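Written out below as structure tokens is the structure these notes cover.
In this text, all values refer to a predicted model and were calculated from it rather than measured experimentally. Just follow the structure's listing: the first ligand is 1, and inside any ligand the first atom is 1.
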Amino acid sequence: MHDDTLLVTAGRAPEQNHGAVNPPIYRASTILYPSVAALEAPRSLRGVSYGRSGVPTTFALEDAVATLEGGHGAVVTGSGKTAICQALTSFLQAGDHLLMVDSTYGPTRQFCDRVLARFGVETTYYDPLIGAEIAGLIRPNTKIVYVESPGSQTFEIQDVPAIAAVAHANGALVMLDNTWATPLYFKAFEHGVDISIHAATKYIGGHSDLMMGIAVAAEPVFAQLRHGMQDQGAYASPDDCFQALRGLRTMAIRLERHHRTGLRLAEWLQARPEVARVLHPALPEDPGHQLWRRDFKGASGLFGVILQPCSKAAVAAMLDGLELFGMGYSWGGFESLVIPTQPEKLRTATTWAPGGPCLRFHAGLEDADDLIADLAAGFARLRQAA
Ligand SMILES: *Cc1c(COP(=O)(O)O)cnc(C)c1O
């Protein structure tokens with residue numbers, strides 16, 4: 001079946017729910033057992049046994065996302081960050097070595113530096129453009145090679161299949177933060193990824209009203225992921241699972257528009273004199289474009305811009321007066337957003353010297369012409385303040 005059909009059918013069982021189209025919200029902590037024998041029977045990987053370990057609403061979402069991405073199974077938890085941290089600690093132990101991409105999401109880096117280090121796991125950051133040369137960084141104790149493509153804030157596309165081939169040849173697992181592309185636009189398991197993680201807070205939820213993380217695993221590592229995350233108390237509320245499922249149903253049509261509007265804004269921005277460079281892998285000029293075309297099925301609405309050198313006050317004059325672009329963290333909802341970024345502060349293995357202020361845009365579902373008019377007025381304010 002094609003993705004559009006899977007999005008509609010996966011994780012639904014109307015015949016088990018009185019014909020209701022959507023799986024109901026099961027709110028439960030205690031689950032009652034009819035007998036001592038049932039209470040003491042061995043638990044299956046995804047049976048309903050206690051509220052924390054999942055109810056049918058949870059499993060419906062997990063099934064839908066795993067099916068869509070082509071993984072064996074998924075585990076949901078309360079935020080994207082928790083999914084990343086719990087997935088890492090489900091496989092790492094003291095004495096292990098982790099290869100982490102230098103362009104990773106900032107809070108992922110913090111977890112490696114502040115928490116994994118304390119538990120005796122050593123992290124080496126690597127250049128996102130390293131490709132097969134990652135072989136030179138592999139050690140006998142390298143347990144995980146972590147990729148994120150495109151990179152957070154800087155949008156480099158990684159050669160995930162080349163990196164995965166080296167990792168597997170050396171007995172390491174490949175873990176991916178696939179939030180930007182979603183299960184629709186990067187088929188993680190066709191590119192050698194073992195565990196793919198999503199901040200469902202972003203496009204899966206899609207409406208800026210919930211926090212959730214989902215880790216999807218290939219068959220050989222699913223049981224360890226499920227047990228490892230359950231050992232750490234992984235949990236997402238059934239209400240939020242219901243909301244995430246509702247978001248998922250329309251994700252394909254939303255993403256198409258995010259892609260189209262994002263690219264339109266990127267092209268328009270690229271032609272502006274105030275802009276030095278646009279960081280968007282779907283632009284033919286982008287250094288990651290060939291890899292993006294080879295491996296991805298689309299682009300989401302998130303991309304970066306490097307402005308020509310100008311003052312902080314000029315940037316603030318531009319951003320403060322925007323009417324349609326909100327300023328705030330997170331992204332993936334229906335609304336457009338922009339924030340100033342400082343990627344150079346999140347680098348240790350490589351240098352990032354943009355030569356001008358950096359912005360990160362999220363193209364929402366508004367009309368593209370209205371968004372462009374808002375930005376044009378912003379550039380007029382920037383020039384006036386400069
Ligand atoms: C937002 C985000 C996360 C974290 O998700 P939360 O649900 O906010 O914890 C992880 N990775 C990427 C790439 C993100 O953008």
Under a 3.5 Å threshold, I'd like every N/O contact between ligand 1 and protein atoms, with atom names and distance.
from	atom 1	to	atom 2	distance (Å)
ligand 1	7 (O)	Gly80	N	2.8
ligand 1	7 (O)	Thr201	OG1	2.5
ligand 1	9 (O)	Gly80	N	3.2
ligand 1	9 (O)	Lys81	N	2.9
ligand 1	11 (N)	Asp177	OD2	2.6
ligand 1	15 (O)	Lys202	NZ	2.6
ligand 1	15 (O)	Trp331	NE1	3.2

His259 and Tyr185 aromatic ring geometry - parallel, tilted or perpendicular at 30°/60° bounds: perpendicular
Donor-acceptor pairs under 3.5 Å, side chain of residues 316-323 to any protein atom, not counting sequence neighbours: which ones?
none

Sub-6.0 Å ring centroid separation between His280 and Phe155: no
Tyr203 ring center within less than 6.0 Å of Trp331 ring center: yes
Hydrophobic cluster partners of Leu39 (side-chain heavy atoms under 4.5 Å): Tyr33
Pairs meeting criterion ring pair (Phe, Tyr, Trp, His ring centres under 6.0 Å) with involvement of residues 113-154, two or more places apart: none
